[in-house]
Amino acid sequence: MSDTKVYRVQPAWKKDALIDNDTYQKWYADSVKDPDKFWGKHGKRIDWFKPYTKVKNASFGGNVSIKWFEDGVTNVSYNCIDRHLKKRGNQTAIIWEGDNPYDDRKITYNELYEHVCRMANVLKKHGVKRGDRVTIYMPMIPEAAYAMLACTRIGAVHSVVFGGFSPDALAGRIVDCESTFVITADEGLRGGRTIPLKENTDKAIDIAARNNVTVKNVLVVRRTAGKIAWFDKRDLWYHDEAASVKPDCKPAEMKAEDPLFILYTSGSTGKPKGVLHTTGGYLVYASMTHQYVFDYHDGDIYWCTADVGWVTGHSYILYGPLANGATTLMFEGVPNYPSPSRFWDVVDKHKVNIFYTAPTAIRALMGAGDEWVKKSSRKSLRVMGSVGEPINPEAWEWYFNVVGEKKVPIVDTWWQTENGGILISPLPGATDLKPGSATRPFFGVVPQIVDNDGEVIEGTGSGNLCITEPWPGMMRTVYGDHQRFIETYFATYKGKYFTGDGCRRDEDGYYWITGRVDDVINVSGHRMGTAEVESALVSHDKVSEAAVVGYPHDIKGQGIYSYVTLMAGVDATEDLRTELIAHVRKEIGPIASPDKIQFAPGLPKTRSGKIMRRILRKIAEDDFGALGDTSTLADPAVVDDLIEHRQNKK
Ligand code: WTA
């Protein structure tokens, strides 16, 4: 679209920027022409105990084997902490801002070192070894960071589970990676409300035990001092344990391709997949993208509002910033507590220079009114970022005009859990901005758009987004299921990584992500498989069948629309609707609560029994004038009933 607004790079953005447009062009060309040389050079941005001699050994064909820097030896916690101590021991590593605005803390690199070493020694004392999987189910408190870094210090593999997930969801993740050590807190605190993390953990452990995985220990951080159940043989208080061990712990020597962490994410089918990331390539990529995408300079105060339960929290609260010796802010609360000024109050309080958040938060704050923003100065802000879902141009403009007062560049960063770090994004000093476009690929990233038959679309056009060349930060496998890795990402378009996103490329070569083209929905930046919500619904004894689709939602981006067929003889009542919502919350967690439930006597199916989701999506969008061809339906009359009882009448 040639009428799209363009915001040119302002002189002030360019002035001290690390990368200008010429440098971007040159580095990008180099990175694609000779990845070995390019990454061979940039791989040295982290410290290696033993330098690598091989750089890239990766291919998207055949068995899909991805290796980077494979003979190098390093350690992530060493790179995030120890190597900074000489120069920055007394610099703040983590600013912690509590849910309550009067609650905050600063942790220096020296202090971080001690906390992480103690936590690592606690893990060792209780038998956690290299390669063991440790589940972390924590609120946004510094101990979550200590826990993750402590795992990396001893070579254990962490699996962080978002604190908003239910006991069932937590249990599933514990069982899948056979994790026998869990780190949690008594309770979490968000927006003034407590979350029963320990109680949920207790329940999850019971469920896991019924599935043949016995958790041996639970390390509990005291956050609220609320009442919790205690099992002497199994449960350990972090404060007692940490006091009983030494404040030093030697970092384990890890090979570049040793597993670093597992993070479960939803796909279009089946249960969540354990995305596995490894050590060297991940850290090189996370730290390099953090530096250049945010134009991070020494001394900047950097704040990413994500939760450590998501990949953004892994790469851009912890690993990227800390590897760069940054001061990273960790926020326990929510954007609108105690008031919708909270983000901007925190920006002013801690003089935040770089601010990274999600479109859903931007839209919610936009809805609350400009006055909440204007109460603050925000003059420390230099770069602002967006991540998690497509940002609509209105929200982008508001972020730019009102929050940034037309002076602060916005980096709309597109990437995925599987990617490890940002793949498509502007660079503040290099890239002219277009509201709603993630713009251009990062170094080493080769996007390609293909049509449904896999034909490559050159130049301008829309289709399915693939990446054709391996990059160091990408996932290596699905934990325990390499075949699923190949089938999920490399089978749709053979030999290419398929992202699951739709995309358009414009005349300037800019990429516009249009959202998922598979059965994944993105609710407030949280990725969810419709299949997961469906299986939660059908696990209710009054439900015989369910189909779930997304629909456009003003704040959440997408809302969850469920079509439910009840068992014979069950009445479709309001109470049952409430009961089903509660059931999904229990099975998955509050983030999966259906926004709309439509009781449907029948679902539109093809003669072979396949549910036609296209039709369900249209009805959920209240756009049934364009239903397309319904002649292949087994019973076309079903559609009339669905339309009549639709829940989204405009
Ligand atoms: C979507 C989050 C448009 C996309 C880091 C992707 C985006 C999914 C953007 C991954 C963006 C993320 N513009 N869409 N800037 N960022 N997405 O794994 O659909 O939680 O496939 O990773 O979010 O979500 P995930």
Side-chain angles (χ1 to χ4, degrees), residues 160-162 164-165 261-268 272-277 282 285-286 289-290 293-294 304-317 319-320 356-363 384-393 395-396 399 410-426 431 433-442 445 447 464-467 473-475 478 488-489 492 497-504 510-530 532 550 556-558 591-592:
V160 182
V161 179
F162 175 58
F165 277 124
F261 66 82
I262 300 166
L263 192 53
Y264 286 88
T265 194
S266 300
S268 48
K273 295 180 285 280
V275 167
L276 183 85
H277 284 285
Y282 170 80
Y285 198 76
T289 46
H290 171 260
V293 170
F294 299 105
C304 165
T305 69
D307 189 286
V308 290
W310 310 112
V311 75
T312 308
H314 285 58
S315 300
Y316 298 115
I317 294 177
Y319 293 124
Y356 190 27
T357 195
T360 185
I362 297 168
R363 286 191 297 265
M384 302 193 298
S386 170
V387 62
E389 53 175 311
I391 180 166
N392 46 314
W396 193 102
Y399 198 23
I410 295 176
V411 288
D412 173 5
T413 64
W414 173 83
W415 62 296
Q416 314 175 291
T417 305
E418 293 87 339
N419 306 159
I422 294 162
L423 294 195
I424 302 183
S425 170
T431 317
L433 306 173
K434 298 187 190 183
S437 171
T439 77
R440 304 188 294 197
F442 192 73
V445 175
N464 307 303
L465 180 63
C466 294
I467 311 288
M474 68 180 296
M475 71 185 289
V478 170
T488 307
Y489 303 104
T492 319
Y497 169 83
F498 176 44
T499 63
D501 278 322
C503 182
R504 176 168 73 83
Y510 275 34
Y511 292 87
W512 299 72
I513 310 296
T514 50
R516 304 286 305 198
V517 293
D518 54 9
D519 290 321
V520 170
I521 50 182
N522 196 323
V523 183
S524 301
H526 301 319
R527 190 169 146 179
M528 212 163 319
T530 52
E532 276 170 82
K556 299 179 177 185
Q558 280 187 298
I591 55 172

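Remember, it's 1-based here, ligands and their atoms both numbered in the order they're listed.
Put simply, the side chain of T417 never gets that close to the backbone of V311: no donor and acceptor are under 3.5 Å apart. Counting only distance, with no hydrogens or angles, the side chain of H526 and the backbone of I591 share no donor-acceptor pair below 3.5 Å. Remark: the backbone N or O of N522 is paired with a side-chain donor or acceptor of Q558 at under 3.5 angstrom.
Counting only N and O atoms by type, the side chains of Y316 and T289 include a donor and acceptor under 3.5 Å apart.
Note on ring orientation: taking the six-membered ring where Trp is involved, the planes of Y282 and H277 are tilted (angle from 30° to 60°).
Contact shell of ligand 1 (protein heavy atoms, cutoff 4.0 Å): V311, T312, V387, G388, E389, P390, D412, T413, W414, W415, Q416, T417, D501, I513, R516, N522, R527.
Using a 4.0 Å cut-off between charged nitrogen and carboxylate oxygen, R527 and E532 do not count as a salt-bridge pair.
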